[in-house]
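Each chain gets a letter, A, B and so on, in the order its sequence line appears, and its residues count up from 1.
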Amino acid sequence: GQQLNQSPQSMFIQEGEDVSMNCTSSSIFNTWLWYKQEPGEGPVLLIALYKAGELTSNGRLTAQFGITRKDSFLNISASIPSDVGIYFCAGHQWFGNEKLTFGTGTRLTIIP
Amino acid sequence: DAMVIQNPRYQVTQFGKPVTLSCSQTLNHNVMYWYQQKSSQAPKLLFHYYDKDFNNEADTPDNFQSRRPNTSFCFLDIRSPGLGDAAMYLCATSFTRDNTDTQYFGPGTRLTVL
């Protein structure tokens, strides 16, 4: 099935630094979602994007829906220890069904 | 304010011993999903219910079954768990199947198979 390529696979950054991760696809997506998953918990929705070019913020988080509909990025500014976790992009394909396709995940580690 | 609730959070079973995982929701959503997530991997959809309509993914093993007795509850039955079925099982819900509808996840049940 369709894959979402997420990069980087893992990040080790110092507290206070900004973080950037992205997700790309060879197919067009109708929606892009960004989830965060902490150890032993389910994914929690951070930001949902529905229109090409849309730029949405949620506190220190900012995400954009790429103009081509084939990519999205997530930025985290001024990282703090509680940002640790795995970040997944996910999306619904343009003419697809209800199935949500997930990216491969970016594991974020914060160094104090 | 729990919206998607999964019980138990941790389940240990023996090889071949049937196990049932439970999911309930207070959102009154029409769609309920079951995902399997293995360590360091993305969630993998097993099946979903749209109201009472069951939709199985083509690559979901027959060993996995599901029941949805009412809007609020959905169960995942693993008939004969193997060692390879050890994973986190995530339940999710959405209001409709419209691809602009967000899926909300429960906290998951971690299954260990001995």
Within a radius of less than 6.0 Å around [atom1] of [X], do more than 12 heavy atoms belonging to other residues, nucleotides or ligands occur?
X: A:Q9; atom1: CD; answer: no
X: B:F95; atom1: CZ; answer: no
X: B:N70; atom1: CG; answer: yes
X: B:F64; atom1: CZ; answer: yes
X: B:R68; atom1: CZ; answer: yes

Problem - B:T102 and A:Y35: side chain donor to acceptor below 3.5 Å - result: no
Practice task
Can you tell which part of B:Q37 gets under 4.5 Å to a heavy atom of chain A, answering side chain, backbone, both or neither?
Solution key: side chain
Exercise for the section: Counting only heavy atoms closer than 4.5 Å, note whether B:Y35 contacts chain A via side chain, backbone, both or neither. Expected result: side chain
Handout entry: Heavy-atom pair with the smallest gap, counting every atom of A:G103 and B:A42
Key = O-CB, 3.2 Å
Fill in the blank from the handout: When the 4.5 angstrom heavy-atom criterion is applied to A:Q6 and chain B, the contacting part is neither
Problem - Sidechain-backbone polar pair: B:R9 side chain, A:G40 backbone, donor-acceptor under 3.5 Å - result: yes
Practice task
Kindly work out whether a path of hydrophobic side-chain contacts (I/L/V/M/F/W/Y, heavy atoms less than 4.5 Å apart) joins B:V31 to B:F75.
Solution key: no
Practice task
State, yes or no, whether a side-chain contact exists between B:Q103 and A:P43 at a heavy-atom distance under 4.5 Å.
Solution key: no
